[in-house]
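Residue numbers start at 1 and run along the sequence shown. It should be emphasised that the depicted structure is a prediction, and the values quoted were computed from it without experimental measurement. Keep in mind that the numbers below use all heavy atoms, side chains included, and drop hydrogens, waters and symmetry copies.
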Amino acid sequence: MSSSPKHAVYEQLARIGKALSTPARLEILELLAQAERSVDALARLTRRYKVSSLVILRRLLDANWLSRDAFEAAWAAERNAGAARMFEQ
């Protein structure tokens, strides 16, 4: 595997293409552009499983279409919501 600058550009373009290759990923990107949202909220709004939404967020993060802070915020909001549900029971 080559480590040339050209190869690095090709790898990044491939990651971007993969990140934007499905309507679901584009929909989640649009929702995140509107407001910070939890994984649970994204799953509800897109009618997907939470794990699918989390995988999509990871793809967007890997392609630099989503910041680490935004990824962590979505995941933290999900953890906080889960903890709140535990105390409600």
Side-chain angles (χ1 to χ4, degrees):
M1 186 149 102
S2 173
S3 61
S4 72
K6 185 165 85 170
H7 186 74
V9 169
Y10 291 158
E11 285 180 346
Q12 182 60 17
L13 286 172
R15 280 191 295 274
I16 291 169
K18 189 174 186 177
L20 302 178
S21 66
T22 67
R25 293 175 188 169
L26 293 170
E27 184 179 14
I28 284 181
L29 193 59
E30 177 189 10
L31 290 169
L32 290 172
Q34 295 169 6
E36 188 175 285
R37 300 180 194 274
S38 70
V39 175
D40 188 52
L42 290 169
R44 273 195 330 274
L45 291 168
T46 60
R47 296 181 178 175
R48 300 202 170 283
Y49 292 109
K50 287 183 199 179
V51 70
S52 297
S53 298
L54 189 56
V55 168
I56 290 170
L57 288 174
R58 184 66 200 191
R59 295 276 186 263
L60 294 171
L61 175 66
D62 290 346
N64 294 321
W65 278 91
L66 184 65
S67 71
R68 170 65 65 185
D69 290 342
F71 179 81
E72 293 293 334
W75 189 235
E78 175 58 28
R79 284 191 312 265
N80 292 340
R85 283 189 298 270
M86 284 177 40
F87 286 113
E88 289 174 356
Q89 297 174 355

Next on the checklist: Any non-hydrogen side-chain atom of D62 less than 4.5 Å from a side-chain atom of K18?
Outcome noted: no
Checklist outcome for this item: In short, I56 meets A24 closest at the heavy-atom pair CD1-CB, 3.9 Å
Next on the checklist: Can you confirm whether E36 is buried at CD, in the sense that more than 12 heavy atoms of other residues, nucleotides or ligands lie under 6.0 Å from that atom?
Outcome noted: no
Checklist entry - Any side-chain heavy atom of L42 sitting closer than 4.5 Å to one from L57? => result yes
Next on the checklist: Within the 4.5 Å heavy-atom criterion, are E27 and L45 side-chain neighbours or not?
Outcome noted: no
Next on the checklist: Restricting to non-hydrogen atoms, name the atom on S53 and the atom on T46 that form the minimum distance, rounded to 0.1 Å.
Outcome noted: OG-OG1, 4.2 Å
Checklist entry - Which heavy-atom pair separates W65 from A19 by the least distance, and what is that distance? => result CD1-CB, 4.3 Å
Next on the checklist: Using side chain to side chain contact (heavy atoms under 4.5 Å, CB included), reason through L54 and F71 one step at a time and then give a plain yes or no.
Outcome noted: CA-CA 9 Å; L54 189 56; F71 179 81; 4.2 Å; yes
Item to check | Closest heavy-atom pair and its distance - A63, R15 | outcome: CB-O, 3.4 Å
Checklist entry - Roughly how far apart are S67 OG and L60 CG, rounded to 0.5 Å? => result 11.0 Å
Checklist outcome for this item: One should read off an interatomic distance between L29 CG and R59 CZ, to the nearest 0.5 angstrom, of 15.0 Å
Checklist entry - Passes side chain to side chain contact (heavy atoms under 4.5 Å, CB included), R25 versus L20? Steps please. => result CA-CA 6 Å; R25 293 175 188 169; L20 302 178; 5.8 Å; no
Checklist entry - Do K50 and D40 touch side chain to side chain, with heavy atoms closer than 4.5 Å? => result yes
Checklist entry - Does the side chain to side chain contact (heavy atoms under 4.5 Å, CB included) test come out yes or no for V55 and R58, once each step is laid out? => result CA-CA 5 Å; V55 168; R58 184 66 200 191; 5.5 Å; no
